[in-house]
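Note that the coordinates shown come from a computational prediction; the quantities given were computed from them, not determined experimentally. Naming: A, B, ... by sequence-line order, numbering from 1 per chain.
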Amino acid sequence: MNFGHLSMSQLDSLACKISNLSQLRQFHAQLIQNSLHHHSQWVSLLISQCTRLRAPPPYTRLIFDSTPRPDIHVFISMLKYYSNLGSAHFNQVVSLYQKLQCCDLRIGTFVYPVLIKSAGSKGIEFHAHVLKLGLASDPYIRNAIMGLYAKYGPVENARDVFAEMHERTLADWNNMIFGYWIWGNKAEACRLFDIMPERNVVTWTAMVTGYARMKDLENARRYFDEIPEKNVVSWNAMLSAYAQNRFPEEALKLFDDMMNSRDQPNETTWAIVISACSSCGDCSLADSFVQKLNQKRIHLSYFAKTALLDMYAKRGSLQAARQVFDELGVSRNTVTWNAMISAYTRVGDLASARELFDKMPERDVVTWNSMISGYAQNGQSALAIDLFKDMITAADDPKPDEVTMVSVISACGHLGALDIGNWVIGIVRKNHIKLSISGYNSLIFLYSKCGSMDDAKRTFQEMTTRDVVSYNTLIAGFAAHGHGMEAVKLLSKMKGEFVEPDRVTYIVILTACSHAGMLEEGWKVFESIKAPDADHYACVIDLLGRVGKLDEAKKIIDDMPKEPHAGVYGSLLNASRIHKRIDLGEFAASTLFELEPHNSGNYILLSNIYASAGRWDDVVRVRELMRKVGVKKATGWSWVEYKGKLHKFIVGDRSHERSDDVYRLLAELGRKMRNSGYMADKTCVLRDVEEEEKEEMVGTHSEKLAVCFALLVTDAEAVIRVVKNLRVCWDCHTAMKMISNLEGRKIILRDNNRFHCFSDGICSCGDYW
DNA sequence: CTAGGGTTAG
């Protein structure tokens with residue numbers, strides 16, 4: 001195609017026929033080829049097509065930036081483009097405005113409404129600006145400002161501007177109604193609806209979305225059915241009302257009605273329908289839709305394709321998701337990238353997620369949150385915190401929001417990093433981030449995991465509304481500290497406040513009872529569970545097993561209505577170790593070797609049972625079995641927080657800068673221990689991984705390294721807080737008692753199970769006697 | 001009117 005001999009009006013009608021992005025790109029290429037891209041009118045036309053086709057921001061911006069001398073129409077079409085995107089691109093808009101001022105163009109007042117609308121939630125920042133310019137009384141500017149306050153609040157400002165208006169357009173009424181609904185003022189919205197001089201389909205649709213927002217689907221439907229002349233938007237509003245309120249089946253039923261009406265679905269419709277399928281969990285239905293769309297050769301917008309991507313990702317078809325992502329090419333926007341990143345983190349592929357994260361052209365809060373929570377949820381708390389630090393130091397990047405903070409606070413909790421946690425809480429305060437229930441829950445988690453139960457309780461009490469997670473988290477904290485009674489009390493408190501316990505509640509309550517040795521209370525709770533699952537059985541086996549009722553425990557396993565899983569036999573094996581029951585230990589272990597042959601813990605437990613009975617041949621046999629199967633003893637990390645940094649240690653690792661001092665102190669402590677009569681106990685065998693450290697005391701476990709580091713750097717009054725990511729074993733526990741006694745220090749060790757408070761050679765936990 | 005991110009248990 002050659003544009004050279006086409007007239008302007010011919011080109012214009014050609015541009016309006018463009019129906020997708022690749023055609024747009026061809027058109028663009030043709031303009032460049034014919035050197036027409038220097039002409040503002042063509043650029044402006046091109047950008048309006050970008051708006052119509054919802055082209056991605058980087059592409060559209062590229063078109064704008066490649067224009068040597070944009071005129072006012074190019075600026076306006078670019079601003080309109082941003083205002084149509086819906087999400088705020090404030091920085092871009094500001095830079096456009098600055099550029100506009102530099103361009104020595106005559107700026108008419110008609111620019112300001114567009115400018116205000118295009119800046120999204122931050123458009124209000126232009127309010128002061130237009131006041132300063134003395135333009136605030138311009139009717140069009142007033143409309144824009146009113147609409148903005150209606151959308152982003154405070155809605156009172158919108159009301160005031162609305163009240164002072166001399167002439168109100170239908171759009172003003174609609175905006176005001178829309179604003180009242182956004183801010184939850186149903187009464188005012190309905191009042192305006194009743195008194196307004198005329199209504200159009202937008203008005204009715206605003207009522208539908210308003211009621212949907214209040215989750216009042218019946219009224220939403222009532223208004224929907226009354227709409228005199230529906231359009232696609234009304235249908236879409238009702239469809240998404242169903243989809244977002246978890247009635248995907250209703251949505252799909254309505255979609256059928258829509259197909260039989262004179263309104264045909266548009267791209268938005270497809271986005272809603274696809275996400276409805278995705279939340280339905282009905283893969284085959286979604287597939288049949290996609291098939292139908294392909295057959296009819298219906299073009300899906302990048303919006304709908306992002307929904308499709310997410311649907312594939314949530315169902316676990318990562319390749320399909322990636323294919324959609326790749327096909328989107330230049331049409332990808334931030335949301336597409338974000339959806340793909342979270343698709344990867346969901347399956348634990350952090351490397352692929354990070355690769356995309358680093359490659360992305362523009363990152364928003366959700367991008368950062370996806371990556372940070374990706375790390376946090378895959379056990380990489382330290383990386384989550386590091387990335388958060390990057391986020392707040394990066395100049396151009398978005399400010400953290402509540403979701404960010406929830407992930408980061410939780411990460412600090414997992415690490416037991418209270419100093420870093422407090423620093424994070426300081427950032428929450430400084431940035432005036434309002435915490436919701438989840439935010440408070442993460443605080444309770446942080447405090448519980450750091451041993452500050454008073455703060456955890458205080459946070460819990462400060463909450464005006466608590467959900468089941470609030471209770472579960474605090475109960476889990478009590479469980480880890482051995483506070484069984486407080487846990488049980490909370491269970492009745494939550495019932496009194498009509499918060500329904502869920503399966504996690506029962507797990508944490510049973511754990512609490514078990515740790516506190518509260519057999520009767522625990523049993524009562526277990527019996528009250530309506531449909532106990534295998535996890536609950538594992539807890540109750542642990543409860544019985546710890547107090548020595550192993551035969552009863554075994555009988556319960558035999559009579560279980562459901563198939564017992566590894567956790568159930570694990571509880572039995574552990575109890576067999578505590579009570580030296582070789583018969584049951586062998587039974588449990590042999591089952592476990594079949595269920596999870598690569599879990600080294602089971603082999604270690606069994607060999608410890610044999611060792612405690614002096615059956616060394618069997619110990620050797622288990623060790624050989626491990627070698628044959630190819631399992632190695634798991635090695636765990638331990639760390640201490642010192643001066644806002646985590647100092648991590650692991651068996652055999654000497655990379656820490658104070659390692660030489662640490663090992664020297666360790667040797668010295670070992671000598672002191674032997675002199676005071678401590679003998680390496682033979683019950684802790686299978687210490688192969690620690691062979692290299694034979695010369696030191698009983699194997700050098702990571703927690704001993706961490707404690708020695710803390711002894712070196714902290715003063716004598718400070719409490720030493722160590723966190724280990726595995727369960728502390730018996731001989732190390734004994735060593736901790738000795739160290740606390742020898743050094744006269746209080747040591748708090750949190751393993752992945754519970755708290756151990758050592759002082760004067762005694763530990764608070766009742767686990768190792 | 002539409003797509004993406006968060007808390008708890010063993």
Side-chain angles (χ1 to χ4, degrees), chain A residues 54 86-87 202 205-206 208-209 212 231-241 243-244 266-276 278 301-311 313-314 333-343 345-346 364-374 376-377 401-411 413 435-446 448-449 467-477 479-480 502-512 514 534-536 538-539 542 565-568 570-571 727 752-754:
Chain A
R54 295 176 192 275
S87 55
V202 180
T205 307
V208 173
T209 39
N231 64 13
V232 204
V233 181
S234 342
W235 284 98
N236 290 348
M238 196 62 228
L239 280 172
S240 78
Q244 308 229 315
N266 68 1
E267 292 169 339
T268 304
T269 320
W270 296 118
I272 302 169
V273 170
I274 290 170
S275 70
S278 156
S301 67
Y302 73 100
F303 233 102
K305 280 196 180 156
T306 306
L308 192 67
L309 190 165
D310 188 56
M311 186 200 81
K314 283 192 175 134
N333 67 358
T334 317
V335 179
T336 328
W337 287 86
N338 293 348
M340 199 62 227
I341 288 177
S342 61
T345 60
R346 208 175 284 133
D364 66 4
V365 212
V366 179
T367 319
W368 286 90
N369 291 349
S370 306
M371 200 62 232
I372 290 173
S373 72
Q377 288 172 354
D401 65 3
E402 202 215 344
V403 177
T404 325
M405 302 328 269
V406 170
S407 291
V408 177
I409 292 171
S410 155
L435 293 184
S436 66
I437 296 184
S438 309
Y440 279 95
N441 291 349
S442 69
L443 283 179
I444 297 173
F445 178 68
L446 170 74
S448 302
K449 283 287 189 185
D467 65 4
V468 64
V469 179
S470 321
Y471 281 93
N472 293 353
T473 310
L474 190 60
I475 293 172
D502 64 5
R503 53 182 302 280
V504 177
T505 314
Y506 289 113
I507 291 171
V508 291
I509 286 281
L510 289 173
T511 310
S514 169
D535 289 339
H536 299 124
C539 291
D542 188 68
H565 64 2
V568 177
S571 295
R727 207 183 269 211
N752 71 348
N753 190 33
R754 61 188 307 173

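In this structure, A:Ile272 and A:Ser275 approach most closely via the heavy-atom pair O-OG, 3.1 Å.
For the OP1/OP2 pair of B:dG4 and a distance below 4.0 Å, the side-chain nitrogens and oxygens of A:Lys314 include at least one atom meeting the criterion. Phosphate proximity of B:dT8 to A:Ser410: present, with a side-chain N or O under 4.0 Å from OP1 or OP2. Residue A:Gln244 places at least one side-chain N or O under 4.0 Å from the OP1 or OP2 atom of B:dA3.
Between the C1' atom of B:dA9 and the OH atom of A:Tyr506 lies a distance of 14 Å, rounded to the nearest Å. Atom-to-atom, CD1 of A:Ile444 to C1' of B:dA9 comes out at 15 Å; the value is rounded to the nearest Å. For the pair A:Asn333 CG and B:dT2 P, the computed distance is 15 Å after rounding to whole Å. Nucleotide B:dT7 holds its P atom 18 Å from the CG atom of A:Leu474, rounded to whole Å. When rounded to the nearest whole Å, the span between CG of A:Asn472 and C1' of B:dA9 equals 8 Å. Taking atom CG of A:Leu446 as the reference point, atom P of B:dT8 lies 11 Å away to the nearest angstrom. Regarding A:Asp502, its CG atom lies at a distance of 14 Å from the P atom of B:dG10, rounded to whole Å. If you take OH of A:Tyr471 and P of B:dT8, they are 19 Å apart, rounded to a whole angstrom.
The side chain of A:Val504 sits closest to B:dA9 out of B:dG6, B:dG4, B:dA9. For A:Val469, whose side chain is taken as the heavy atoms from C-beta onward, the closest listed nucleotide among B:dT2, B:dT8, B:dG4 is B:dT8. For A:Ser436, whose side chain is taken as the heavy atoms from C-beta onward, the closest listed nucleotide among B:dA3, B:dG6, B:dC1 is B:dG6. Taking every side-chain heavy atom of A:Thr511 into account, B:dG10 is the closest of B:dG6, B:dG10, B:dA3. Here B:dG6 is the nucleotide among B:dG6, B:dA9, B:dG4 with the atom lying nearest to any side-chain atom of A:Val406. If you check B:dG4, B:dA9, B:dG6 against the side chain of A:Glu402, the one that comes closest is B:dG6. Closest to the side chain of A:Thr268, from the set B:dT2, B:dA3, B:dA9, is B:dT2.
Residue A:Thr473 holds its OG1 atom at 5.0 Å from CG of A:Asn441, rounded to the nearest 0.5 Å.
Heavy atoms of A:Asn266 sit nowhere under 4.0 angstrom from any nucleic acid atom. Within the 4.0 angstrom heavy-atom criterion, base atoms lie near A:Phe303. At a threshold of 4.0 angstrom between heavy atoms, the contacts of A:Ala476 are confined to the sugar-phosphate backbone, with no base atom among them. Residue A:Thr473 is in sugar-phosphate contact alone, with no base atom involved, counting any heavy-atom pair closer than 4.0 Å across all strands shown. If you check every strand for non-hydrogen atoms under 4.0 Å, A:Ser373 touches sugar and phosphate atoms only.
Counting atom types as modelled, A:Asp364 pairs a side-chain N or O with a base atom of B:dG4 as donor and acceptor under 3.5 Å. A:Asp535 contributes a side-chain N or O that forms a donor-acceptor pair with the base of B:dG10 under 3.5 Å.
Contact check for A:Val232 versus A:Thr268: no side-chain heavy atoms found under the 4.5 Å cut-off. Within the 4.5 Å cutoff, no side-chain heavy atoms of A:Asn236 are placed close to those of A:Thr205.
Counting only N and O atoms by type, the side chains of A:Thr505 and A:Asn472 include a donor and acceptor under 3.5 Å apart.
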Test side-chain contact (heavy atoms from CB on, under 4.5 Å) on A:Ser442 and A:Met405 and set out the steps.
CA-CA 9 Å; A:Ser442 69; A:Met405 302 328 269; over 6 Å; no
